[in-house]
S.K.: 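Mind looking over this structure? Questions follow.
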There are 2 protein chains.
Amino acid sequence: MIDPEGPEPLYLQLAAVLRERIRTGVYPPNRPVPSITSLQQEFELARGTVIHAIEVLRDEGAVRTVQGRGTFVAPPT
Amino acid sequence: MIDPEGPEPLYLQLAAVLRERIRTGVYPPNRPVPSITSLQQEFELARGTVIHAIEVLRDEGAVRTVQGRGTFVAPPT
DNA sequence: GCCCATTTGTACGTATGTATG
DNA sequence: GCATACATACGTACAAATGGG
């Protein structure tokens, strides 16, 4: 899914993967995406990289984050 | 200018300082703001914190960045 | 074209703070 | 109180782009 050798920045690659999982319903609306820690483990990325990817999705309005609870897929428009 | 003990995150404090310097013409339109490294030294902050602050201003449209050249104050609207 | 200095971009690993349940 | 989860911050390293010599 993620190619550490590829030209695209890892945080954008991860954002793309998560965006696709949201689009295809792997992460359904109003349900949490996996925690930063578990994404970090699944993709073997640094914490900051995962956070950066999620910030991208948040700026797109694809997810919303609540500190202490998690990051949730935005409801369909 | 920046209070490491204050409740506000450092990157937001720094963004506020830079925003004010832009507003008051300390950093004039179409001129560069100081480099990340020099801001880092002036405010004694980590590189990532300075970058985060600049990202805030970029999202506001207050500055634009060109890799390899610098970050420039946006022209007046 | 080729180095080199400067500057921004990305990424890592880690530590600590804050909110929720 | 405790575990989980996100937020902030640090220091560091290297990559990529720019511009000058």
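Labels below follow one simple rule: chain letters A, B, ... track the order of the sequence lines, proteins then strands, and each chain is numbered from 1.
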S.K.: For the hydrophobic clusters of this structure (ILVMFWY residues joined by side-chain heavy atoms under 4.5 Å, transitively), does one cluster hold both B:Leu57 and B:Leu10?
M.R.: yes
S.K.: With a cut-off of 6.0 Å (strictly less than), are more than 12 heavy atoms of other residues, nucleotides or ligands near CZ of A:Arg31?
M.R.: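 Not more than 12 within 6.0 Å, no.
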S.K.: How does protein contact run along nucleotides 11-21 of chain C, one letter per nucleotide 5' to 3', with B for base contact, S for sugar-phosphate only, - for none, heavy atoms under 4.0 Å?
M.R.: SB----BBBSS
S.K.: Is it the case that one hydrophobic cluster holds both B:Leu14 and B:Val26, taking links as side-chain heavy atoms less than 4.5 Å apart, direct or via other members?
M.R.: yes
S.K.: Do B:Ile2 and B:Tyr27 sit in the same hydrophobic cluster, where Ile, Leu, Val, Met, Phe, Trp and Tyr count as joined when their side-chain heavy atoms come under 4.5 Å apart?
M.R.: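 Yes; B:Tyr27 is reachable from B:Ile2 via cluster members.
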S.K.: Do B:Leu18 and B:Val63 share a hydrophobic cluster (ILVMFWY, side-chain heavy atoms under 4.5 Å, transitive)?
M.R.: yes
S.K.: Could B:Arg21 and B:Glu42 be called an ion pair, given the rule that one side-chain N must be under 4.0 Å from one carboxylate O?
M.R.: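 Here B:Arg21 pairs with B:Glu42 in a salt bridge, since their nearest N and O are under 4.0 Å apart.
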S.K.: Between atom CG of A:Leu39 and atom OG1 of A:Thr49, what is the distance when rounded to the nearest 0.5 Å?
M.R.: 12.0 Å
S.K.: With heavy atoms of chain A within less than 4.0 Å as the criterion, where does contact along DNA chain D begin and end?
M.R.: D:dA5 to D:dT8
